[in-house]
Amino acid sequence: MIKKCLFPVAGYGTRFLPATKSMPKEMLPVVNKPLVQYGVEEAIEAGLDEVGFVTGRGKRAIADHFDVSYELEHQIAGTSKEQYLESIREVMSKGSFSFTRQTEMAGLGDAILNGRRLIENQAFGVVLSDDLCVAEEGVLSQMVKLYKQFRCSIVAVQEVPEEDIHKFGVIGGEQIKEGIYQVNQMVEKPDPKDAPSNLAIIGRYILTPDIFEILENTPPGKNNEVQLTDALMTQATDGCVLAYKFKGKRFDCGSVAGFVNATNYVYENIYGAK
Ligand code: G1P
């Protein structure tokens, strides 16, 4: 069914400078695993094992992470240290990894449009790996189930406090089922007074492929960038977009506070538990 998942990973990670000066922000480790690997594991768990990265300059470490390191494998083969490679070996054996480049930082919408050739004409997932999600059933798996039922684009949402509204795309809509909304408004990073609700989009999407043509015709919006939120609003007006209040926790690992919270949470609840 849905097999492909896009990871826009070209962003600079300025909030984490100087750590991200020469290292991709997606490679920052939460405990012992880079952020992007959590996202890829979530996609693979949901059956989206054809992973496409929309990458850019200075991001080669991501490609290397999902490839074999011969020297390393040779050095630790047969030693007890091999166990530390288990999780990434598993990801590599289950997934395939493709890369395309975003040459200009022209917004999330532009990044998705750059991934078009990797996706072609089928529904696909999108993961913003800054948003680390921890859930009993992965958030993308939850969304894939919903997609099977409704066959339209879906955004994951969560309630956020008023002072955080300006950081997100925000939806307005009609609740059609517990935690599922038919979207009729979408605003990228609004003033709290203009926000249609307190339901903020977090970095998990399922998109139907007509989004590409819409994106091609979407002019730059907030911050003069092509916004996925604006394209989704067009899709909602012409067809259907759902917002889904997912079950689980989400950490904003693009911010230092969120990253530290995620690290503490993973260390206490997941890392030691294995
Ligand atoms: C992007 C989206 C925004 C969404 C957010 C989730 O913004 O444009 O709609 O709410 O991701 O993390 P960014 O955080 O890249 O500025």
Side-chain angles (χ1 to χ4, degrees), residues 5-16 20 24-26 28 35-36 38-39 42 53-56 59 102 104-115 125-134 139-140 143 153-173 181 183 185-192 194-207 211 214-215 218-236 241-246 248-259 261-262:
C5 192
L6 273 188
F7 284 71
V9 294
Y12 296 129
T14 42
R15 282 186 290 176
F16 266 95
T20 48
K25 63 172 174 170
E26 295 78 11
L28 289 170
L35 257 179
V36 66
Y38 289 91
E42 186 186 322
F53 294 97
V54 181
T55 179
K59 300 282 184 166
Q102 184 183 14
E104 236 188 310
M105 293 305 106
L108 178 58
D110 178 67
I112 301 298
L113 198 48
N114 270 275
V126 174
V127 170
L128 308 184
S129 41
D130 282 359
D131 283 331
L132 174 62
C133 292
V134 182
V139 175
L140 271 180
M143 292 171 78
S153 289
I154 305 170
V155 299
V157 292
Q158 120 182 121
E159 286 179 21
V160 297
E162 191 175 329
E163 64 269 24
D164 288 339
I165 286 277
H166 69 281
K167 299 180 190 163
F168 296 94
V170 179
I171 69 111
Y181 302 80
V183 173
Q185 284 189 73
M186 268 188 152
V187 194
E188 180 66 11
K189 305 197 172 88
D191 268 3
D194 303 325
S197 75
N198 64 347
L199 291 171
I201 303 170
I202 64 115
R204 299 291 183 277
Y205 305 78
I206 293 203
L207 302 175
I211 198 74
I214 299 172
L215 278 168
T218 301
K222 189 86 183 181
N223 301 329
N224 208 26
E225 294 179 335
V226 179
Q227 298 295 347
L228 179 59
T229 303
D230 295 342
L232 280 163
M233 182 60 218
T234 305
Q235 224 181 22
V241 173
L242 296 180
Y244 170 60
K245 229 174 167 183
F246 65 96
K249 280 183 184 299
R250 167 249 176 204
F251 297 94
D252 172 16
C253 291
S255 78
V256 171
F259 184 84
N261 287 340

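One-based numbering, in listed order, for ligands and for the atoms of each. The structure presented is a predicted model; accordingly, all values stated were derived computationally and were not measured.
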- Is there a protein heavy atom less than 4.0 Å away from atom 14 (O) of ligand 1? no

For atom 8 (O) of ligand 1, state whether the nearest protein heavy atom is under 4.0 Å away. yes

Review point. Is the Phe259 to Phe16 ring centre distance short of 6.0 Å?
Key: yes

Exercise. So is there a nitrogen or oxygen of Arg250 less than 3.5 Å from a nitrogen or oxygen in ligand 1?
Worked result: no

For Leu232 and Met186, the nearest pair of non-hydrogen atoms, with its separation, is CB-SD, 3.4 Å

min-distance protein heavy atom vs atom 2 (C) of ligand 1 -> Glu188 OE2, 3.6 Å

- Task: Would you sort out whether Val126 and Arg204 count as a side chain to side chain contact (heavy atoms under 4.5 Å, CB included), showing the intermediate values?
- Result: CA-CA 6 Å; Val126 174; Arg204 299 291 183 277; over 6 Å; no

Discussion item. Do Gln102 and Asp110 pair up side chain to side chain, a donor and an acceptor below 3.5 Å, judged on atom types alone?
Written reply: yes

Atoms of ligand 1 under 4.0 Å from any heavy atom of Thr229, numbered from 1 in the order shown, are 9 (O)

Whether the side chain of Lys222 engages the backbone of Gln227 through a donor-acceptor N/O pair (distance < 3.5 Å, no angle test) should be reported. no

The answer for which part of Leu128 has a heavy atom under 4.0 Å from ligand 1 is side chain

Atom 4 (C) of ligand 1 sits nearest the protein heavy atom Ile201 O, 3.5 Å

What one should report as the nearest heavy-atom pair of Val127 and Gly39 is CG1-CA, 4.1 Å

Q. Does any N/O atom on Lys189 come nearer than 3.5 Å to any N/O atom on ligand 1?
A. yes

| said: Test your reading of the structure: does Gly169 have an N or O sitting under 3.5 Å from an N or O of ligand 1? | reply: yes

| task | Would you check whether Phe168 has a nitrogen or oxygen atom less than 3.5 angstrom from a nitrogen or oxygen atom of ligand 1? | result | no

Under 4.0 Å between heavy atoms, the region of Asp131 that gets near ligand 1 turns out to be side chain

Report yes or no: does Thr55 contribute a side-chain atom to a donor-acceptor pair with the main-chain N or O of Val9 at less than 3.5 Å? no

Keeping the roles fixed (side chain from Asp130, backbone from Gly254), state whether a donor-acceptor pair exists under 3.5 Å. no

